[in-house]
Engineer: 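So that we are looking at the same thing, I have put the structure below in structure tokens.
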2 protein chains.
Amino acid sequence: MSQSTGGTRERIKAVALELFTEQGYEATSLREVAERLGVTKAALYYHFKSKDEIVTSVVEDRLVRMDALIAWAETQPPTLATRHAVIERYAETMFSGGQPSVMRFFEQNQTALKSLSAGREIRERMFRLANVLCAGDDSPGGQLRAALALFAVHSSWFAVRTPGITDAERKQVALEVANELLTAIAPPPPTP
Amino acid sequence: MSQSTGGTRERIKAVALELFTEQGYEATSLREVAERLGVTKAALYYHFKSKDEIVTSVVEDRLVRMDALIAWAETQPPTLATRHAVIERYAETMFSGGQPSVMRFFEQNQTALKSLSAGREIRERMFRLANVLCAGDDSPGGQLRAALALFAVHSSWFAVRTPGITDAERKQVALEVANELLTAIAPPPPTP
DNA sequence: GTCTATAACACGATAGAC
DNA sequence: GTCTATCGTGTTATAGAC
């Protein structure tokens with residue numbers, strides 16, 4: 001409760017994320033963000049020292065969650081059960097809290113994020129996750145299936161156009177397809 | 001060789017596509033494009049009347065090819081064999097000529113393309129292709145698998161990191177995974 | 001700690017000379 | 001077909017008042 005910035009910082013992050021996702025990072029001006037908040041542009045520069053820094057801040061907690069998942073996954077044996085557990089946990093974080101919007105922002109701004117440090121950081125985590133998912137079979141087929149399993153979770157948001165579908169149903173179908181892909185990856189390595 | 005525009009138009013398209021893909025549409029200025037070509041900004045405006053129009057022009061032949069494929073696919077019966085044939089032809093066009101770069105540009109600029117007519121046109125074709133691919137089973141699972149089959153072809157370009165892999169090998173593994181997904185879509189409808 | 005005012009500059013696009 | 005010069009606008013970012 002002794003927060004110094006009175007929650008304005010969080011409001012900026014929320015609005016910026018929304019606009020960046022809707023219209024793109026480059027296409028969104030700080031004037032737009034400020035206007036929607038009912039403050040001036042300069043006020044934003046009090047809380048964040050640059051436009052990049054807003055993105056970095058937004059992405060921060062997402063990175064922490066991904067790091068935790070990767071760290072856990074890397075301690076697990078490279079079995080099929082592990083893969084299923086990893087994608088399950090991944091989907092859980094993707095479908096809970098404010099996380100989906102962050103990843104939607106990430107998908108929609110791949111190019112813009114290339115020149116942003118936050119983008120490179122998330123990208124790196126995605127590749128590491130994909131690597132964990134095909135541990136034991138890093139053949140081209142394994143790599144592709146692992147990447148697609150992750151993408152199944154993401155794309156269930158826009159690729160499934162069934163009217164009236166709920167988030168829970170999206171998650172369920174995403175996991176079904178993802179697990180199908182993971183199962184096809186490889187025979188788990190022999191346990192000696 | 002009595003071409004009226006002396007090939008400059010094509011050179012502009014090539015350089016613009018390259019920069020738009022690398023850095024993003026919004027992040028690439030016409031000054032940059034002109035500089036790399038060794039001409040001035042104003043020269044570009046002789047060949048294209050706006051920045052959008054460069055994109056439209058780049059995407060044009062890709063649209064024609066996609067339309068041809070969709071038209072053909074829609075005349076075919078909704079069987080598993082058709083699905084495999086469609087994705088096979090799709091991969092063929094994606095891995096030939098200058099097409100891969102166009103689709104890479106498309107992937108990398110989803111958000112920017114939302115407000116560009118060319119973007120909406122390609123997007124519409126992608127959905128129609130996905131629909132054809134899950135004809136006979138438009139359940140959430142079917143839709144997701146169809147979309148991922150298309151994405152398998154695209155993502156084989158960056159998701160597969162095996163050193164020294166050739167384009168032909170990328171195509172092959174993409175088709176293998178895509179066909180796996182398509183096979184899982186649904187029992188082909190009973191032929192009465 | 002928050003805002004107004006404004007600097008300094010890049011953008012897309014146009015006009016008109018050559 | 002390409003150039004120079006420039007318009008109008010929107011951008012990030014800063015200095016300084018409150």
Side-chain angles (χ1 to χ4, degrees), chain A residues 1-59 105 109 111-119, chain B residues 1-59 105 109 111-119:
Chain A
M1 319 304 176
S2 65
Q3 49 189 4
S4 52
T5 49
T8 307
R9 224 184 120 94
E10 291 309 313
R11 286 178 59 227
I12 295 175
K13 280 164 67 171
V15 168
L17 175 60
E18 194 184 326
L19 290 176
F20 290 166
T21 306
E22 247 170 56
Q23 324 174 330
Y25 173 76
E26 316 266 7
T28 303
S29 69
L30 292 185
R31 185 184 54 75
E32 259 175 303
V33 177
E35 247 166 35
R36 184 173 293 204
L37 279 165
V39 300
T40 63
K41 261 188 308 178
L44 303 184
Y45 278 93
Y46 168 75
H47 294 281
F48 299 94
K49 76 170 199 286
S50 75
K51 200 182 177 187
D52 299 29
E53 222 207 51
I54 299 181
V55 174
T56 304
S57 166
V58 162
V59 162
F105 160 72
N109 289 275
T111 312
L113 284 170
K114 264 201 215 166
S115 50
L116 262 44
S117 58
Chain B
M1 321 311 175
S2 65
Q3 47 191 3
S4 53
T5 48
T8 306
R9 221 184 122 95
E10 293 307 314
R11 285 179 58 227
I12 294 174
K13 281 165 64 172
V15 168
L17 176 60
E18 194 184 326
L19 289 177
F20 289 167
T21 305
E22 246 170 55
Q23 321 176 333
Y25 173 76
E26 317 263 11
T28 303
S29 70
L30 293 184
R31 185 184 53 76
E32 255 176 306
V33 177
E35 248 166 34
R36 182 172 294 204
L37 280 164
V39 299
T40 63
K41 247 191 325 175
L44 303 185
Y45 277 94
Y46 171 76
H47 295 280
F48 300 93
K49 75 171 198 283
S50 75
K51 199 182 178 186
D52 299 27
E53 222 206 50
I54 300 181
V55 174
T56 305
S57 166
V58 161
V59 161
F105 160 71
N109 290 275
T111 311
L113 284 170
K114 265 201 215 166
S115 50
L116 263 45
S117 58

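Predicted, not measured: the structure shown is a model, and the values here were computed from it.
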Engineer: Please state how far atom NZ in A/Lys49 lies from atom P in D/dA13, giving the value in whole angstrom units.
Structural biologist: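 In whole Å, D/dA13 P and A/Lys49 NZ are 10 Å from each other.
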Engineer: Using a strict cut-off of less than 4.0 Å between a Lys/Arg side-chain nitrogen and an Asp/Glu carboxylate oxygen, indicate whether A/Glu35 and A/Arg31 qualify as a salt bridge.
Structural biologist: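 The answer is yes: the pair qualifies as a salt bridge.
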Engineer: Report the nucleotide, chosen from D/dA13, D/dT2, C/dC3, that has the shortest atom-to-atom distance to any side-chain atom of B/Thr8.
Structural biologist: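 Per side-chain heavy atoms of B/Thr8, the pick is D/dT2.
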Engineer: Rounded to the Å, how far apart are A/Glu53 CD and D/dA13 C1'?
Structural biologist: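 Answer to the nearest Å: 13 Å.
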Engineer: Main chain of B/Glu53, side chain of B/Ser57: is a donor-acceptor contact present, judged purely on distance under 3.5 Å?
Structural biologist: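 Checking the backbone N and O of B/Glu53 against the side chain of B/Ser57, no donor-acceptor pair under 3.5 Å is found.
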Engineer: Do you know which two heavy atoms are closest between B/Ala112 and B/Ser115, and how far apart they sit?
Structural biologist: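 Minimum heavy-atom contact is O-OG, 3.2 Å.
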Engineer: Enter the distance from B/Leu44:CG to B/Thr8:OG1 here, rounded to the nearest 0.5 Å.
Structural biologist: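 The OG1 atom of B/Thr8 is 10.5 Å from CG of B/Leu44, to the nearest 0.5 Å.
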Engineer: Is there a side-chain contact between A/Arg31 and the phosphate of D/dT11, meaning an N or O under 4.0 Å from OP1 or OP2?
Structural biologist: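 Looking at the OP1 and OP2 atoms of D/dT11, one of them is under 4.0 Å from a side-chain N or O of A/Arg31.
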Engineer: Side chains of B/Leu113 and B/Val55, heavy atoms from C-beta outward: is any pair under 4.5 Å?
Structural biologist: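 Result yes, sub-4.5 Å side-chain heavy-atom pair found.
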Engineer: Quickly work out the A/Leu37 CG to C/dC3 C1' distance and round it to whole Å.
Structural biologist: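 Nearest whole value for this atom pair: 14 Å.
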Engineer: Grab the two heavy atoms, one from A/Asn109 and one from A/Gly24, that are nearest each other, plus how far apart they are.
Structural biologist: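 Where A/Asn109 meets A/Gly24 most closely, the heavy atoms are OD1-CA, 3.3 Å.
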Engineer: Contacts to DNA chain D from residues 20-28 of chain A, heavy-atom cutoff under 4.0 Å, which residues?
Structural biologist: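 Of all residues in residues 20-28 of chain A, none places a heavy atom under 4.0 Å from DNA chain D.
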Engineer: Would you sort out whether A/Thr111 and B/Tyr25 count as a side-chain contact (heavy atoms from CB on, under 4.5 Å), showing the intermediate values?
Structural biologist: CA-CA 9 Å; A/Thr111 312; B/Tyr25 173 76; over 6 Å; no
Engineer: Between the protein and nucleotides 5-8 of chain D, which nitrogen or oxygen pairs are less than 3.5 angstrom apart?
Structural biologist:
none

Engineer: Counting heavy atoms from C-beta on, name the nucleotide in D/dT4, D/dT2, D/dA13 closest to the side chain of A/Tyr45.
Structural biologist: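 Ranking D/dT4, D/dT2, D/dA13 by closest atom to the A/Tyr45 side chain puts D/dA13 first.
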Engineer: Could you tell me the separation between the NZ atom of A/Lys51 and the C1' atom of C/dA10, rounded to a whole number of Å?
Structural biologist: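 Between C1' of C/dA10 and NZ of A/Lys51: 13 Å.
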Engineer: Drop me the distance from A/Leu17's CG to A/Ile12's CD1, to the nearest 0.5 angstrom.
Structural biologist: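 Separation between the atoms: 13.5 Å.
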Engineer: May I ask you to decide if B/Ser29's main-chain N or O and B/Glu32's side chain share a donor-acceptor pair within less than 3.5 Å?
Structural biologist: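 It does hold such a pair.
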Engineer: Please tell me which of the listed nucleotides, D/dA13, C/dG12, C/dG1, lies nearest to the side chain of A/Ser50?
Structural biologist: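 Closest nucleotide among those given: D/dA13.
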Engineer: Calculate the interatomic distance between A/Arg9 atom CZ and C/dT2 atom P; express it in whole Å.
Structural biologist: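 It is 12 Å, rounded to the nearest whole Å.
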Engineer: Closest to the B/Ser29 side chain: C/dC11, D/dT11, C/dT2?
Structural biologist: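 Nearest to the side chain of B/Ser29 among the choices is C/dC11.
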Engineer: To the nearest Å, give me how far apart CG (A/Leu30) and P (C/dC9) are.
Structural biologist: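 It works out to 19 Å between those atoms.
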Engineer: Between B/Phe48 (CZ) and D/dT2 (P), how many Å, whole number?
Structural biologist: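 Rounded to the whole Å, the gap is 12 Å.
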Engineer: A/Gln23 and A/Ala27: which non-hydrogen atoms are nearest, and at how many Å?
Structural biologist: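 Closest approach of A/Gln23 to A/Ala27, heavy atoms only: O-CB, 3.3 Å.
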Engineer: If you compare every side-chain N and O of B/Thr40 against the phosphate oxygens of D/dT2 (OP1, OP2), does one of them come in below 4.0 Å?
Structural biologist: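 No, no such contact exists.
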Engineer: Can you check whether A/His47 has a side-chain N or O nearer than 4.0 Å to OP1 or OP2 of C/dT2?
Structural biologist: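 Affirmative; the distance criterion is met.
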Engineer: Can you check the B/Leu44 CG to C/dT14 C1' distance for me, whole Å?
Structural biologist: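 Between C1' of C/dT14 and CG of B/Leu44: 14 Å.
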